[in-house]
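To start, the structure under review is shown below, and the notes come after it.
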Amino acid sequence: MNSKVPSLCGVYKEYFPIGTIVNDELVSKDSELITKHFNSITPENELKLNKIHPDKDTFIFEEADKLVDFGRRNNMLVRGHVLVWHDHSPEWFFTNDKGEKVSREIVLGRLQEYINLVVKHFGNNIYCWDVVNEAIADDNTFYRPSKWLETIGEEFIEKAFIFAHEANPDIKLYYNDYNAEMGEKGDKVYSLIKGLLSRDVPVHGVGIQGHYDIVFHKPEALKSMIERYADLGIKLQITEMDVSVFGFDDRNNTLQRPTTELLERQAEFYEKAFEIFREYKSVIEGVTIWGVTDRYTWKDDFPVNGRKDWPLLFDESGEPKAAFNSIVSF
Ligand code: XIL
């Protein structure tokens, strides 16, 4: 490892923790990079409902325990992601043994039991949880359709926060979403949060996922939203940042290597975004990047399978990219 490269979280010590995701493979292959540059981690998939409780009688904590333990051993903060999401929610949660739909009360009871068990299992080793993920619709309706909404109704959101708070009042509870800072969707997320706060629901922060690309997104859009949330007295985290070199609709691109021009535009994006994060350090409680090196990124399979992307701070061989340099020199 190049000792001349400054530690990213060291550079940001006076600002906010800098996080990355972890999974089994990342911890075994990239642990040097992870421990040098990041002081916060988020298990990528291991805390999701279908991983922990795939069947009515099965609980799997081992994978997540290993990762949380890795964080503890290295003095890192650990973010919990996620308790309630339309995705990664197994069918059994909403049905009986015959496969028939169960009542609202049963689903609500299962949710309470699940949240209570998981939040207590990890205790204060997980300092904050994304309690509800992506509950707001992208189109002109308000809530995103989901089994949760269908069976429990919109109350599933506040109930989840209340259950998590009851299970452990010490931890910070976040609502997490993408494009939560932009346009009409941003307005809806904002009014959801405002409504929850006005009813004294224990929500402590908003997670802006931060899955950006250099074509569609503009870092400047972050500013006004950060200010609106700051006025509500609520904290923010950037929870899943990456910056794709492709537009969302550019699905057939077969580029084999990123061009210098694309990498420079990406670096500019990171630079501007981090400038804004630093400016609002009193509101921003943390910034997490959704990956370590470009060797492994979920963007290789999203929005299409097999289109290689390079959205992160380190290249495929673990060397810092222009994007990294742009956020450590200011
Ligand atoms: C992604 C993971 O990175 C992938 O490995 C998995 O196959 C799907 O989920 N928003 C979220 C994250 O809140 O949980 C998603 O993570 C990325 C989008």
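In each ligand, atom 1 is the first atom listed, and ligand 1 is the first ligand listed.
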Quiz prompt | Those protein residues which place at least one heavy atom below 4.0 Å from ligand 1 | solution = Glu44, Asn45, Lys48, His81, Trp85, His88, Asn133, Glu134, Gln209, His211, Glu240, Trp290, Tyr296, Trp298

Quiz item: Are Asp294 and Lys321 within salt-bridge range, i.e. N to O under 4.0 Å?
Solution: yes

Quiz item: Would Asp242 and His211 count as having a side-chain donor-acceptor pair, cut-off 3.5 Å?
Solution: yes

Atom pairs and distances, side-chain donor-acceptor, residues 322-330, under 3.5 Å, sequence neighbours left out:
| from | atom 1 | to | atom 2 | distance (Å) |
| --- | --- | --- | --- | --- |
| Ser326 | OG | Ala267 | O | 3.0 |
| Ser326 | OG | Ala323 | O | 2.8 |
| Ser329 | OG | Asn325 | O | 2.7 |

Exercise. Might you point out which heavy atoms bring Val283 and Ala230 nearest each other, and give the distance in Å?
Key: CG2-CB, 3.8 Å

Donor-acceptor contacts, no H, no angles, side chain residues 163-171, under 3.5 Å, sequence neighbours left out:
| from | atom 1 | to | atom 2 | distance (Å) |
| --- | --- | --- | --- | --- |
| Asn168 | OD1 | Asp170 | N | 2.9 |
| Asn168 | ND2 | Asn124 | OD1 | 2.8 |
| Asp170 | OD2 | Asn124 | ND2 | 3.3 |

Quiz item: Among all residues two or more places apart in sequence or in another chain, which pass the side-chain contact (heavy atoms from CB on, under 4.5 Å) test with Lys308?
Solution: Thr297, Asp300, Trp310, Glu316

